[in-house]
Structures are given as C-alpha cells and as structure tokens.
Amino acid sequence: MAMALAILLFCSLMGALAGAAGGDSFDNLTASFVFGDSLVDAGNNNYLPTLSKADIRPNGIDFTASGGQPTGRYTNGRTIADIVGEELGQADFSQPFLAPNATGRAILNGVNYASGGGGILNGTGQIFVNRLGLEIQVDYFNITRKELDKIMGISQAKYFLMKNSIFSMTIGSNDFLNNYLFPFLSAGVRINESPDTFVDQLINTLRAQLTRLYSLDARKFVVANVGPIGCIPYQRSINRLTETECVSLPNELARTYNVRLRDLLSELNDNLPGAKFCLADVYDLVFEIITNYKKYGFTSSSSACCGNGGRFAGLIPCGPTSSMCDNRSEYVFWDPYHPSEAANLIIGKYLVDGDTKYISPINLRQLKAL
C-alpha cells in the first residue's frame, strides 16, 4: 500500500513538472491573438455603439461557419487572420474579445481584439464615434493574460504564450484614411504636423504597444505594413480615376510609414531577447495582385463587388440595398475598402508558406515552429 502511494505521488510530481515545461495537452494547441482594424475584425464592433459595423447582409455571405450570416467581418467570407489560423492548425477561429463566449477554454484558440475604425493612435477613427484603438486592444489582452493564468496555471500560461501563440497586428490604414487625410478632422493635424512627424508618432506609439505585449509574454509576432490604400475602390471613386490609376498621396504616406516600420521591427528583433518579429509586406503583395489581377484569376481589381456610387461602386458601403456582383471570387475587393475572401486567401496562404519576398525574415509556419 505504501509502495503504491509512493508511486502515485511520484507520478503526480512528474506530471506537474511536465506541465510546467509545457508537456501536457496544452502543448498541442495553436493560438492566434489578433490585433488590428476592420481588415481582421471578427465581430468586436457588433458589441459597440459605433457607426462602423459589418453585422448586416450581405457581409459574410460566403462565411461557411455562420451559414452565410453576417458575423461582423468586413468581407464576404474569412479574413486574413482567419485563414492564417486555419493554415497553422488552429482548432477554431479566435473569438472576438467582446463576445460573451470569449471566456474559459474558448480563449485557448486565441482571442481577436481587432476593431473596425481602430488605429495605432487613440484619436484615429473618431468619425465612427466608438472603436477600439490599439492601446485599448492591448489593455484587453492584459485581461486575457490574467484569465489564462487561472485556466492553465502561471508557468503553463507563460509557456503557452511564448511557444504556442502567434500575435498578429494589422493596423495603420485608418491612421491615414480616417485621421491624417480625413477632411475636417485632419485639417489641424496636417497644418501642425508634417507627414514625417505624424509617422514618427505612429512608430513611437506602435513601439510602446509591441513592447507592452512582449512584457506580457508575447514572443512570436507578425506585423503587417499598410497596404496601397490609394488603390481601394473608395479612393478611386471619390477622385474619379481610371481603373488603372491610384491616388498618389495615400500611397506615398503608406510607403513612408512602411519604411519606418521595417526599421522598427529590426530594432525590436535586436533588442528584445527571445522575440521574433516578422514583417508582412502587404503593400507590395496587394499591389502585385491589383496590378496583375488576371494572373490570379480575378476579373476586376478596381471595383467593389458590393457597394454603390461612382464608377467603381466605391462611395457607399456594402449593405442590404447595395448592388452585388455574381462572381464574388473574381473580385479583388469585396466592398469599397476591404479585400474579398478570394484575395484574403492568396494573402494569407503566402504569409504562412511563402518566401521572403513578402514575409520576412521567415514565414509564419517557420515562426510557429520556433
């Protein structure tokens, strides 16, 4: 009897030690913690009194998990974050932080904090009344961090975040479109701040928030740069461009920011021990898809599939009264601002398994394996 008790105690001790090293069932989990704007919002804005929402049809019409019902995603199907999670073996989509079911073991797949209209700066997107800026998103992750300690134990939660979790950040477009470049709201900003000074503010704020996440045990990061925002149907429509033209100033600002972002991530890779920051070059990848759209099976890279107004259906957001294309998989853009699921698939799969042309210094499958 005494021998059996001793064996039981020994096995319990070894199990506890293995758990502390990440060697139990938690070790097989893959989690994505998603920060950003409407490009990756999975429904947080459904729970906010905001003018930026995608919880109406036909948004989500091709989202299989909801049976084609809107979920708050600003596209016809999956976002880039959804696709990346699936490709990396995530058991389920990361739940929106504000959703009632984003609690308990559901958060072991990760959590989505992204918010339509949100930006790097707290003041970005005020035209929408409510949205979650990056600082608030990281505040919310701090709440999740404490809940993980309760679910997994302190040592296992730390291991889980450092080894099994990828932290993605897709943010910055609104800081230009709905802040620096936005009429009326931006008039004072543009008079008092040069583009370089504004970009400095973005980079310094982003550095602070990424460092906060590192202090909360995040180690594997992918940060997307700002895409060619001068080429979206909205910009082409309000500026009355041809289908091959893009608005130069938004793209110039995006490129200025993107250069600084690359330098920032290199700096953080050098200065934060144990962390790996990957740069997703969304600007060049999306510009390649827009420019050579036929090569990727698209018939349009200038018009919104769902929208109204102007030559490119780019003036009025997608909603129940919008015109909608029949061949959704042949459009690069779902609505005046956001890519279609078909475009998201190309982008997401490249980030997971592509070479260093658009994802560097390693791809996301390699990042996961670290």
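Values reported hereafter were calculated over all heavy atoms of this structure, with side chains retained and with hydrogens, waters and symmetry mates removed. Remember, predicted model here, so these are calculated numbers, not experimental data.
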Checklist entry - Can you tell me how far CZ of Arg145 sits from NZ of Lys150, rounded to the nearest 0.5 angstrom? => result 12.5 Å
Next on the checklist: When you compare the side chain of Asn109 with that of Ser32, does any pair of heavy atoms fall below 4.5 Å?
Outcome noted: no
Checklist entry - Only one of Tyr358, Tyr350, Tyr283 forms a side chain to side chain contact (heavy atoms under 4.5 Å, CB included) with Glu288, so which one is it? => result Tyr358
Checklist entry - Counting only heavy atoms not in Arg57, do more than 12 fall under 6.0 Å of its CZ? => result no
Next on the checklist: Please tell me whether Thr103 and Glu147 have a donor and an acceptor in their side chains that are separated by less than 3.5 angstrom.
Outcome noted: yes
Checklist entry - Taking atom types as modelled and ignoring hydrogens, do the side chains of Arg73 and Thr75 form a donor-acceptor contact shorter than 3.5 angstrom? => result no
Item to check | Lys53 and Asp41 ion-paired at < 4.0 Å | outcome: no
Next on the checklist: Side chains of Asn225 and Asp281: any donor to acceptor distance under 3.5 Å?
Outcome noted: yes
Item to check | Donor on one side chain, acceptor on other, Asn344 and Trp334, under 3.5 Å | outcome: no
Checklist entry - Which value, rounded to the nearest 0.5 Å, describes the distance between Ile362 atom CD1 and Leu279 atom CG? => result 12.5 Å
Checklist entry - Between Thr144 and Tyr113, does any side-chain donor sit less than 3.5 Å from a side-chain acceptor? => result yes
Checklist entry - How many angstroms lie between CZ in Arg236 and OG in Ser302, if you round to the nearest 0.5 Å? => result 5.5 Å
Checklist entry - Just checking, is any N or O donor in the side chain of Asp82 or Thr79 under 3.5 Å from an acceptor N or O on the other one? => result yes
Item to check | Presence of salt bridge, Asp200 and Arg260, under 4.0 angstrom | outcome: yes
Checklist entry - Considering residues, nucleotides and ligands other than Arg311, do more than 12 of their heavy atoms fall under 6.0 Å from its CZ? => result yes
Checklist entry - Do the side-chain sulfurs (SG) of Cys325 and Cys306 come closer than 2.5 Å? => result no
Item to check | From CA spacing to verdict: side-chain hydrogen bond (donor to acceptor under 3.5 Å, both in side chains), Asn101, Gln95 | outcome: CA-CA 8 Å; Asn101 58 340; Gln95 293 297 314; 3.1 Å; yes
Item to check | Residue from Thr211, Leu268, Leu265, Leu134 passing side chain to side chain contact (heavy atoms under 4.5 Å, CB included) with Leu206 | outcome: Leu134
Item to check | Over 12 foreign heavy atoms within 6.0 Å of CZ, Phe312 | outcome: yes
Item to check | Asp62 and Asn76 side chains, donor-acceptor separation under 3.5 Å | outcome: yes
Next on the checklist: Is it the case that atom CZ in Phe287 sees more than 12 heavy atoms from other parts of the structure closer than 6.0 Å?
Outcome noted: no
Checklist entry - Do Gln90 and Ser94 get their side chains close enough for a donor-acceptor pair, meaning under 3.5 Å? => result yes
Next on the checklist: Taking the side chain as everything from C-beta on, heavy atoms only, tell me whether Tyr257 gets closer than 4.5 Å to Phe198.
Outcome noted: no
Next on the checklist: Measuring from atom CG of Leu345 to atom CD of Glu87, what distance do you get when rounded to the nearest 0.5 angstrom?
Outcome noted: 8.0 Å
Checklist entry - So, Ser115 and Asn45: side-chain donor and acceptor under 3.5 Å apart, yes or no? => result yes
Checklist entry - Parallel, tilted or perpendicular: which describes the rings of Phe141 and Phe35, with under 30° parallel and over 60° perpendicular? => result perpendicular
Checklist entry - Is the NZ or CZ atom of Arg78 positioned over Phe63's six-membered ring, under 6.0 angstrom from the centre and within 45° of the axis? => result no
Checklist entry - From Gln235 CD over to Ile229 CD1, what is the distance, rounded to the nearest 0.5 angstrom? => result 7.0 Å
Checklist entry - Do the non-hydrogen side-chain atoms of Met169 and Gln209 ever get within less than 4.5 Å of each other? => result no
Checklist entry - If we only count heavy atoms from C-beta on, is the Ile127 to Phe182 side-chain gap below 4.5 Å? => result yes
Checklist entry - Between Arg255 and Asn258, do the side chains contain an N or O donor and an N or O acceptor separated by less than 3.5 Å? => result no
Next on the checklist: Taking atom CG as the centre, does Leu370 end up with more than 12 heavy-atom neighbours from other residues, nucleotides or ligands that are less than 6.0 angstrom away?
Outcome noted: yes
Checklist entry - Is there any side chain to side chain donor-acceptor pair (under 3.5 Å) pair reaching into residues 161-176, and which pairs are they, with sequence neighbours excluded? => result Thr124-Asp175, Asn174-Asn178
